[in-house]
Amino acid sequence: AQSVTQPDIHITVSEGASLELRCNYSYGATPYLFWYVQSPGQGLQLLLKYFSGDTLVQGIKGFEAEFKRSQSSFNLRKPSVHWSDAAEYFCATLGGGADGLTFGKGTHLIIQP
Amino acid sequence: DTEVTQTPKHLVMGMTNKKSLKCEQHMGHRAMYWYKQKAKKPPELMFVYSYEKLSINESVPSRFSPECPNSSLLNLHLHALQPEDSALYLCASSRQTSGDYNEQFFGPGTRLTVL
């Protein structure tokens, strides 16, 4: 079954600093990959997705992610974080029951002033 | 309109109650999903509907009963729940279930507490 792993449970970044959140996938063929963000008590918002094609994908809120087949990774990046970026970030892939999403355990992002 | 709405926002129920969660989208999507999210955990898939037909049931107990009356509406009927069923229930929709069309939009969720 397809799965994703987020190795970092918590990440603390200073406001204005750059950010990289890690995601590794486990699948032989090209996977469908997503990054979602969830603020406390809220639903999930899609930041970006990768299906095929250009391996560097741009998303909303200034986020981007790069698909690297050689490293089985799909890391999320942002050049300069804002305090409002503090949230839970989930990497996900299609594979839960084939049509549903299978999520990583999430990375909790803390922004220091 | 790229919004998925869910009602109610919060629900408190006893173990003998019967209640329903409602989800609605007007994006013309033909796939709809229920996920369950426990505190500090990722969402877990419960059910998938494709063209108003149940296509996936992830071994969910029968005390959860989904219903898709039309392409815009998805319900989750709850009966005889247990305290461990307390969670955030998230609804999502996508154009279709197949990969290239499976970009899922989520609603804000219903926070369920079972006493």
Side-chain angles (χ1 to χ4, degrees), chain A residues 1-10 21 23 25 27-53 57-60 65 67 87-110, chain B residues 2-7 9-10 23 25 27 29-51 53-60 66 87-113:
Chain A
Q2 299 178 51
S3 65
V4 289
T5 302
Q6 294 178 251
D8 303 306
I9 297 173
H10 299 276
L21 302 182
C23 174
Y25 67 88
Y27 189 58
T30 299
Y32 294 92
L33 294 166
F34 307 81
W35 274 101
Y36 282 88
V37 62
Q38 186 177 35
S39 297
Q42 301 296 313
L44 284 84
Q45 183 179 26
L46 179 66
L47 291 175
L48 45 80
K49 64 184 186 286
Y50 176 76
F51 288 175
S52 63
V57 292
Q58 302 296 321
I60 62 171
F67 175 73
E88 193 79 17
Y89 290 79
F90 291 101
C91 181
T93 186
L94 282 177
D99 298 327
L101 292 167
T102 297
F103 289 87
K105 292 187 184 300
T107 297
H108 185 63
L109 177 62
I110 300 164
Chain B
T2 58
E3 191 179 16
V4 177
T5 59
Q6 289 188 245
T7 54
K9 284 191 168 58
H10 301 275
C23 173
Q25 57 86 16
M27 294 180 276
H29 289 176
R30 304 312 301 269
M32 296 187 78
Y33 312 78
W34 281 114
Y35 290 84
K36 174 182 178 179
Q37 186 179 23
K38 302 280 280 183
K40 300 191 185 304
K41 297 289 186 185
E44 294 180 338
L45 182 68
M46 299 175 73
F47 302 104
V48 179
Y49 272 85
S50 180
Y51 289 85
K53 288 186 171 25
L54 182 65
S55 64
I56 292 173
N57 175 342
E58 289 286 351
S59 303
V60 179
L88 182 67
Y89 288 84
L90 294 162
C91 173
S93 71
S94 66
R95 287 172 64 187
Q96 295 178 26
T97 57
S98 59
D100 288 1
Y101 302 100
N102 196 328
E103 178 181 332
Q104 294 183 27
F105 293 85
F106 282 80
T110 293
R111 175 76 58 190
L112 174 68
T113 302

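Lettering follows sequence order; numbering is per chain, from 1.
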For [X] and [Y], work out which heavy atoms get closest and say how close.
{"X": "A/Gly104", "Y": "B/Pro42", "value": "O-CB, 3.2 Å"}
{"X": "A/Gly100", "Y": "B/Leu45", "value": "CA-CD2, 3.6 Å"}
{"X": "A/Gln42", "Y": "B/Leu88", "value": "O-CD2, 3.9 Å"}

Handout entry: Contact winner vs chain A - B/Arg111, B/Lys41, B/Glu103, heavy-atom pairs under 4.5 Å
Key =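 That would be B/Glu103.
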
Handout entry: Max heavy-atom pair count under 4.5 Å with chain A, selected residue of B/Pro43, B/Ala92, B/Ser98, B/Cys91
Key =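 Greatest number of close heavy-atom pairs with chain A: B/Pro43.
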
Handout entry: Per-residue contact mode, A/Leu46 against chain B (heavy atom under 4.5 angstrom)
Key =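 Only the side chain of A/Leu46 comes within 4.5 Å of chain B.
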
Handout entry: Side chain, backbone, both or neither of A/Gln38 within contact of chain B (heavy atoms, under 4.5 Å)
Key =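 For A/Gln38, the side chain is the part near chain B, not the backbone.
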
Exercise for the section: Can you check whether anything in residues 32-40 of chain B gets within less than 4.5 Å of chain A, heavy-atom wise, and list it by number? Expected result: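 Under the 4.5 Å heavy-atom cut-off, B/Tyr33, B/Tyr35, B/Gln37 qualify.
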
Practice task
Give, as side chain, backbone, both or neither, the part of B/Ser94 having an atom under 4.5 angstrom from any heavy atom of chain A.
Solution key: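 Neither part; nothing is under 4.5 Å.
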
Practice task
Kindly indicate whether the side chain of B/Asn102, heavy atoms from C-beta on, has any atom under 4.5 Å from the side chain of A/Lys49.
Solution key: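 Counting from C-beta outward, B/Asn102 and A/Lys49 never come under 4.5 Å.
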
Problem - Under the salt bridge (charged side-chain N to carboxylate O under 4.0 Å, His left out) test, residues paired with B/Glu44 that sit two or more places apart - result: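 B/Glu44 satisfies salt bridge (charged side-chain N to carboxylate O under 4.0 Å, His left out) with no residue once adjacent residues are dropped.
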
Practice task
Could you tell me which residues satisfy salt bridge (charged side-chain N to carboxylate O under 4.0 Å, His left out) with B/Arg95, sequence neighbours excluded, listed by chain and number?
Solution key: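 By the salt bridge (charged side-chain N to carboxylate O under 4.0 Å, His left out) rule, B/Arg95 matches no residue at all.
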
Handout entry: Partner residues of B/Asn57 under the side-chain hydrogen bond (donor to acceptor under 3.5 Å, both in side chains) criterion, sequence neighbours left out
Key =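 For B/Asn57, no residue satisfies side-chain hydrogen bond (donor to acceptor under 3.5 Å, both in side chains) once neighbours in sequence are set aside.
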
Practice task
Taking atom CD1 of A/Ile60 as the centre, report whether more than 12 heavy atoms of other residues, nucleotides or ligands fall under 6.0 Å from it.
Solution key: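 Atom CD1 in A/Ile60 is packed in, count exceeds 12.
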
